[in-house]
Amino acid sequence: MGILAWILFGLIVGAIAKFLMPGNQGGGWVITIILGIVGAMVGGFIAGAIGIGDDGNPWDLGTIGISVVGAIIVLLIYGAFTRKR
């Protein structure tokens with residue numbers, strides 16, 4: 001059940017990040033899930049580095065917010081590498 005929860009969490013976080021980002025990033029729902037999960041990990045690393053959000057509950061608003069920020073960072077990096085010139 002933990003894997004399914006992370007996939008669902010990644011989809012939610014990735015979708016929120018794509019909604020908040022201006023422009024067309026491309027990618028389907030699989031890319032959204034992957035970017036959301038990676039973004040959640042990046043957000044968790046950032047939160048751990050500054051000493052917040054280490055309660056282990058991924059479903060509270062603080063964790064979702066930090067994960068969305070991480071997903072936006074990952075989405076910016078993804079967009080920079082996949083941008084057509």
Side-chain angles (χ1 to χ4, degrees):
M1 188 66 180
I3 299 271
L4 292 176
W6 272 106
I7 290 172
L8 179 63
F9 186 72
L11 178 62
I12 292 168
V13 168
I16 292 171
K18 275 195 171 188
F19 178 74
L20 294 176
M21 288 286 298
N24 184 13
Q25 290 82 29
W29 61 273
V30 174
I31 296 296
T32 301
I33 291 172
I34 292 169
L35 291 177
I37 292 171
V38 172
M41 289 190 288
V42 169
F45 177 76
I46 292 170
I50 60 177
I52 60 171
D54 194 25
D55 64 353
N57 181 13
W59 298 106
D60 66 355
L61 289 179
T63 304
I64 292 173
I66 291 169
S67 297
V68 168
V69 170
I72 289 173
I73 292 169
V74 171
L75 196 55
L76 285 170
I77 294 168
Y78 173 77
F81 281 112
T82 60
R83 185 171 307 145
K84 294 179 181 165
R85 299 186 195 262

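Keep in mind it's a predicted model, so treat the numbers as computed, not measured.
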Contacts of V38 that satisfy side-chain contact (heavy atoms from CB on, under 4.5 Å) - sequence neighbours left out = I34, M41, V42, V74
If you measure from CG on L35 to CG on L11, what distance do you get to the nearest 0.5 Å?
-> 11.5 Å
For V68, what residues pass the side-chain contact (heavy atoms from CB on, under 4.5 Å) criterion, not counting sequence neighbours?
-> V13, I16, L20, I64, I72
